[in-house]
2 protein chains.
Amino acid sequence: MNDRLDAQFAFLNEADRLKSVLRATTLCDGSRRENSGEHSWHLALYAMVLADQAPKGVSIDRVIKMLILHDLVEIDTGDVPIHSSGGAAHASADTIAAERRAADRIFGLLPPDLRDSFRAIWDEFEAAETQDAIFAKSLDRVQPVMQNLACDGGTWVEYGVTYDQLEARVGTKVARGAPKLWDWVQTKVRPWFG
Amino acid sequence: MNDRLDAQFAFLNEADRLKSVLRATTLCDGSRRENSGEHSWHLALYAMVLADQAPKGVSIDRVIKMLILHDLVEIDTGDVPIHSSGGAAHASADTIAAERRAADRIFGLLPPDLRDSFRAIWDEFEAAETQDAIFAKSLDRVQPVMQNLACDGGTWVEYGVTYDQLEARVGTKVARGAPKLWDWVQTKVRPWFG
């Protein structure tokens, strides 16, 4: 039992480092960049609040777990902003390979049963093929939109993003898992882009 | 539908402010104080990792939701460190009353169905009478112990905490929901206090 708890806490203490990984997006008040730990908490809360936007059959409990785990790999890779490098860096083959190595190392700190179950949840999120993963991805994409709207453009200004680019990089992904949510967000976003 | 989403996002944007509420505890590397948003994420991860420490009958899914919501009231009240004022401020009548007013305001931003269900979860956590709430409280108490251990004492040094005080203020609460976990933590903590 002691070896098991040693491994569990080696992972939990390592996870603490996600609080030092900074994203491009800021807090709603623009005071500083958001870190990936607090972002993950906010997304779990998004899942609880927006559960009624999930298609029938989605398990919100599983979505919450996915969102709690989804960014842990950034401890090794850092966050790759979706609008950086003209939108090309985010899901590049290099990024994907680095994130898989990070998942091997970080989930590998856990006892084998937890390592395998957490890795399966993370793989499912990354693959974005199941209903739960598609809805989780929608929330991950919509939250920065709301943060940017709250602080007059945020990373849209920083990266010179157009409305068409936002639709292509973000809107299609939000709409895939939560179409009515994106309809509503569009009514808020369009006036900002003018 | 639009009014409902307006209310859901009024709450989600207000919740963003929890990322600016600082706790006494620092990150494991001691680089800065932890905020209550990232702390809530870390606790949700604790629940996933330490699920095998929960007594039979505990719903980890409910525990995770409790931990995601448990500190939101601190947007209005701030965090009251457990070892501050000689351990007397943390659960004082004044603190409890202020937190209830904060819960009225913050959960009151939500549509009525979510307001009532979230408030019920928060009330259950605060009352610490159900198995789920008692286990959630154990995790909330044990995480700062692990953060302090990782950075050579942290708030124990700051507040001049003795081993007996730690047992009284923290150990009894951890042991109530997760007795074997506290047994293990004791073996790590005792050498530090010497």
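Reminder, nothing fancy here: chain letters follow the sequence lines and each chain counts from 1.
At a 4.5 Å heavy-atom cutoff, A/Arg62 makes no contact with chain B through either its backbone or its side chain. When heavy atoms are compared at a cutoff of 4.5 Å, B/Arg17 does not approach chain A at all. Neither the backbone nor the side chain of B/Leu43 comes within less than 4.5 Å of any heavy atom of chain A. Interface residue A/Ile68: backbone and side-chain heavy atoms are both found under 4.5 Å from chain B. When heavy atoms are compared at a cutoff of 4.5 Å, B/Phe9 approaches chain A solely by way of its side chain, counted from C-beta outward. Residue A/Ile64 touches chain B through its side chain alone, counting heavy-atom pairs closer than 4.5 Å. Heavy atoms of B/Leu114 lying under 4.5 Å from chain A belong exclusively to its side chain. Within the 4.5 angstrom heavy-atom criterion, no atom of A/Asp183 approaches chain B. For a residue to count as touching a neighbouring chain, one of its non-hydrogen atoms must lie under 4.5 Å from one of that chain's; by this rule B/Leu110 touches chain A with the side chain only.
In this structure, a donor-acceptor pair under 3.5 Å is present between the side chains of B/Asn148 and B/Thr155. Side-chain N/O atoms of A/His83 and A/Gln165 include no donor and acceptor closer than 3.5 Å. A/Trp182 and A/Glu167 share a side-chain donor-acceptor pair at under 3.5 Å.
Checked for salt-bridge contact, A/Asp123 and A/Arg100 miss the test: no charged N lies under 4.0 Å from a carboxylate O.
The candidate with the highest count of non-hydrogen atom pairs below 4.5 Å against chain A, out of B/Ser20, B/Ser31, B/Cys28, is B/Cys28. In terms of heavy-atom pairs under 4.5 angstrom with chain B, the leader among A/Leu27, A/Ile60, A/Asp29, A/Leu181 is A/Leu27. Taking A/Gln147, A/Lys65, A/Lys188 one by one and counting their heavy-atom pairs under 4.5 Å with chain B, the maximum is reached by A/Lys65.
Between B/Glu158 and B/Pro81, the closest side-chain pair of non-hydrogen atoms is not below 4.5 Å.
Each of B/Phe118, B/Trp41, B/Trp122, B/Phe125 was compared with B/His70 under the ring-ring contact (aromatic ring centres under 6.0 Å, His included) criterion, and only B/Phe125 meets it.
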Could you go through the side chain to side chain contact (heavy atoms under 4.5 Å, CB included) check for B/Asp140 and B/Tyr46 one step at a time?
-> CA-CA 9 Å; B/Asp140 190 29; B/Tyr46 264 62; over 6 Å; no
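Across every non-hydrogen atom of B/Ala133 and B/Glu124, the tightest pair is CB-O, 3.2 Å.
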